[in-house]
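Scroll down for the structure; my scribbles are underneath it.
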Amino acid sequence: MSRISVVTGANQGLGFALAEGLAHRAAPADVLYLTGRDAGRVADAAAAIGHDVVRPAVLDVADPHSVASFAEDLRERHGGVDVVLSNAAARLAPDVPWTEQVGPFVDTNNLGTSHVLRAFTPLLRPGGALLVVASSFGTLRHLPRHLHEHFAARSLDEVDATILAWRDAVLDGTASRRGWPDWINIPSKVGQVAAVRAVAGRRRDADTAAGTLIAAVCPGLVDTDASRPWFPDMSDASTPTEAAKPLLALALGARRPEHYGELVQFGRVLRWS
Ligand SMILES: NC(=O)c1ccc[n+]([C@@H]2O[C@H](COP(=O)([O-])OP(=O)(O)OC[C@H]3O[C@@H](n4cnc5c(N)ncnc54)[C@H](OP(=O)(O)O)[C@@H]3O)[C@@H](O)[C@H]2O)c1
C-alpha cells in the first residue's frame, strides 16, 4: 500500500526539511502533502523539492474548517493517512508586546495542534505515526508546581480551556501574578505536549497493539528564521535537514512502546514531570 503523509507548515524551516526528507524516503506510489497557509509558498516549496510524490496543498491549521475539510478530502481520496507531522507554528518577535502576539500564537500553535489531532487521529492507519513538533520547554518542570494540575487534562477540550485561560491572563496582565513564565513559548509548548498526552491516553491500548505512534517531539535548536532572533549564538544549532533526521526516524522506524504519548528528543523520552 502506498504511504500517505502530511506535513503542516512545510513551506520553510524545519517543516520543509521534514517534507524533503519524506520525499527522499518515498516509494514511487507514495503521496506526500506539503502543506502551508499560502498557495504560492507551498507551490514554490514543492517545486524546490522537485519530487513526483510531493503535492502542495493549502492547510491553515488555525482554521478548524480548513483542517477538517482537508482531512475529509484525504479520507475520501486515500481512505486514511500513515504519517502526519504537525509542525506549523506562528513565530514570536522579541520586540512586540505579548498581548499583541499571544492570540495568533495560541490560535496556530495550540488550537491548531488540537484541530490537527482531532481531524487526523481517526484517519491514522495501523502502523502510522502522528508527531507534534513541540520543544524541550514542553515539560512541567518549566512551570511552577501550582500550575501542574491544570495540565492533567484528560481531553483536548480541557487542554484547550487551560490554554485559553492562560492566554486571557496574558491579555489582562495577570499571567505573571498567577505564576506563568514570562516567555509565552513555554506555556504554549507545555500545552502542545499536554494535548498529545490527552489524545494518547485515550488511544494507547489500540494504538500500541497496532504499532501506531502518537508522540510529541523536540528537534533541539534549529537554525531557522524563527529561532535566530531569540538565540544570539547559533553555533550549536542544527540545520533543518539535520534536525529532521531523528524525527523522520521516529515516524518511519521501528516502534518502541516507551515513546507512545511522550515527548521524545533524539530517541529519548523527556520526562513530563
Ligand atoms: N527552530 C527551532 O530552534 C525550534 C526549536 C524547537 C522547536 N521548534 C518547533 O519546530 C517547528 C518549526 O519551527 P521553525 O523554526 O521551522 O519555524 P518557521 O521557520 O517559522 O516555520 C513555521 C512554518 O509554519 C507555517 N505556519 C505558520 N502559521 C501557519 C498556519 N496557521 N497554518 C499552517 N502553517 C502555518 C509557516 O508558514 P509561513 O511561511 O506562511 O509563515 C512556516 O512554514 C515549530 O513547531 C517550532 O516551535 C523549533
Side-chain angles (χ1 to χ4, degrees), residues 6-21 33-46 48-49 56-71 84-94 101 103-117 119-120 130-139 142 183-193 195-196 215-244 246-248 250 263-266 270:
V6 178
V7 185
T8 71
N11 57 284
Q12 62 170 315
L14 178 61
F16 178 82
L18 290 168
E20 191 175 39
Y33 290 96
L34 184 162
T35 75
R37 57 185 170 162
D38 178 83
R41 288 197 286 276
V42 289
D44 289 349
I49 294 176
V58 173
L59 172 55
D60 181 347
V61 301
D63 175 358
H65 304 295
S66 170
V67 180
S69 70
F70 187 92
V84 179
L85 303 179
S86 179
N87 163 85
R91 288 182 187 172
L92 292 174
Q101 301 193 71
F105 194 67
V106 162
D107 286 348
T108 295
N109 300 23
N110 293 101
L111 301 184
T113 297
S114 294
H115 302 325
V116 168
L117 284 164
F120 288 103
L130 190 157
L131 303 182
V132 171
V133 182
S135 147
S136 58
F137 292 113
T139 69
H142 296 285
W183 193 29
I184 64 173
N185 193 41
I186 292 177
S188 173
K189 287 298 178 192
V190 175
Q192 284 185 318
V193 177
V196 166
V217 287
C218 171
L221 183 61
V222 192
D223 189 358
T224 67
D225 289 343
S227 57
R228 241 170 265 132
W230 291 97
F231 301 97
D233 178 8
M234 296 296 281
S235 53
D236 286 339
S238 308
T239 66
T241 303
E242 287 164 351
L247 276 54
L248 294 170
L250 189 65
L263 172 62
V264 181
Q265 182 179 35
F266 310 137
L270 301 184

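As the structure lists them, so they are numbered: ligands from 1, and atoms in each ligand from 1.
Ranking the protein heavy atoms by distance from atom 43 (O) of ligand 1 puts N11 OD1, 2.9 Å first. Nearest non-hydrogen protein atom to atom 7 (C) of ligand 1 is A134 O, 3.0 Å. Nearest protein heavy-atom neighbour of atom 46 (C) of ligand 1: K189 NZ, 3.8 Å. Remark: minimum distance from atom 11 (C) of ligand 1 to any protein heavy atom is reached at N87 OD1, 3.2 Å. Summary of contacts: the protein heavy atom closest to atom 9 (C) of ligand 1 is V133 CG1, 3.6 Å. Counting protein heavy atoms only, atom 15 (O) of ligand 1 is closest to T224 OG1, 2.6 Å. For atom 41 (O) of ligand 1, the closest heavy atom belonging to the protein is R37 NH2, 2.7 Å. Remark: minimum distance from atom 17 (O) of ligand 1 to any protein heavy atom is reached at A226 CB, 3.5 Å.
For the pair T35 (side chain) and V7 (backbone), a donor-acceptor distance under 3.5 Å is present. Looking only at distances, no side-chain donor or acceptor of D60 sits under 3.5 Å from a matching main-chain atom of R37. The backbone N or O of T8 lies less than 3.5 Å from a partner atom in the side chain of N87, making a donor-acceptor pair. S188 places no side-chain N or O within 3.5 Å of a backbone atom of I184 that could act as its donor or acceptor partner. For Q101 (side chain) and A93 (main-chain N/O), a donor-acceptor pair under 3.5 Å exists by modelled atom type. In terms of modelled atom types and a separation under 3.5 Å, the side chain of N109 and the main chain of A89 share no donor-acceptor contact. Without hydrogens or angle criteria, H142 side chain to S136 main chain gives a donor-acceptor distance under 3.5 Å.
With atom 31 (N) of ligand 1 as the reference point, the heavy atom nearest to it among D225, D107, D60, L59 is part of D60. Atom 27 (C) of ligand 1 has its nearest heavy-atom neighbour, among A89, A88, S66, S136, in A89.
Residue D38 places no heavy atom under 4.0 Å from ligand 1. In this structure, A243 does not count as a contact residue of ligand 1, since none of its heavy atoms falls inside 4.0 Å of the ligand. Proximity of G220 to ligand 1 is established by a heavy-atom distance of less than 4.0 Å.
Between W183 and F137, the angle of the ring planes goes over 60°, which puts this pair in the perpendicular group of the 30/60° scheme.
Looking only at side-chain heavy atoms (C-beta outward), T239 and D223 stay at 4.5 Å or farther from each other. V67 places a side-chain heavy atom less than 4.5 Å from the side chain of F120.
In terms of N/O distances under 3.5 Å, ligand 1 is approached by G9. Taking only nitrogen or oxygen atoms, main chain and side chain alike, S135 does not reach within less than 3.5 Å of ligand 1. Considering backbone and side-chain atoms together, R41 places an N or O closer than 3.5 Å to an N or O of ligand 1. At least one N/O-N/O distance between L14 and ligand 1 falls below 3.5 Å.
When heavy-atom distances to ligand 1 are checked against a 4.0 Å cut-off, Q12 comes that close through both its backbone and its side chain. By the criterion of a heavy-atom distance under 4.0 Å, the side chain of P219, and not its backbone, is placed next to ligand 1.
Residue S227 has at least one heavy-atom neighbour below 4.0 Å for each of these atoms of ligand 1: 1 (N), 2 (C), 3 (O). Annotation for ligand 1: atoms under 4.0 Å from non-hydrogen atoms of R91 are 18 (P), 19 (O), 20 (O). Numbered from 1 in the order shown, with element, the atoms of ligand 1 that lie under 4.0 Å from a heavy atom of G13 read 16 (O), 19 (O). Below 4.0 Å from some heavy atom of L221 lie the following atoms of ligand 1, by number and element: 3 (O).
To the nearest 0.5 Å, atom NE2 of residue H115 and atom CG of residue D107 are 7.5 Å apart. Rounded to the nearest 0.5 Å, atoms CG (L34) and CZ (R41) are 12.5 Å apart. Remark: S238 OG to L221 CG distance equals 7.5 Å, nearest 0.5 Å.
Not a single protein heavy atom sits closer than 4.0 Å to atom 13 (O) of ligand 1.
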Original post:
Can you list the steps and then say if L14 with L247 is a side chain to side chain contact (heavy atoms under 4.5 Å, CB included)?
Top reply: CA-CA 10 Å; L14 178 61; L247 276 54; 4.2 Å; yes
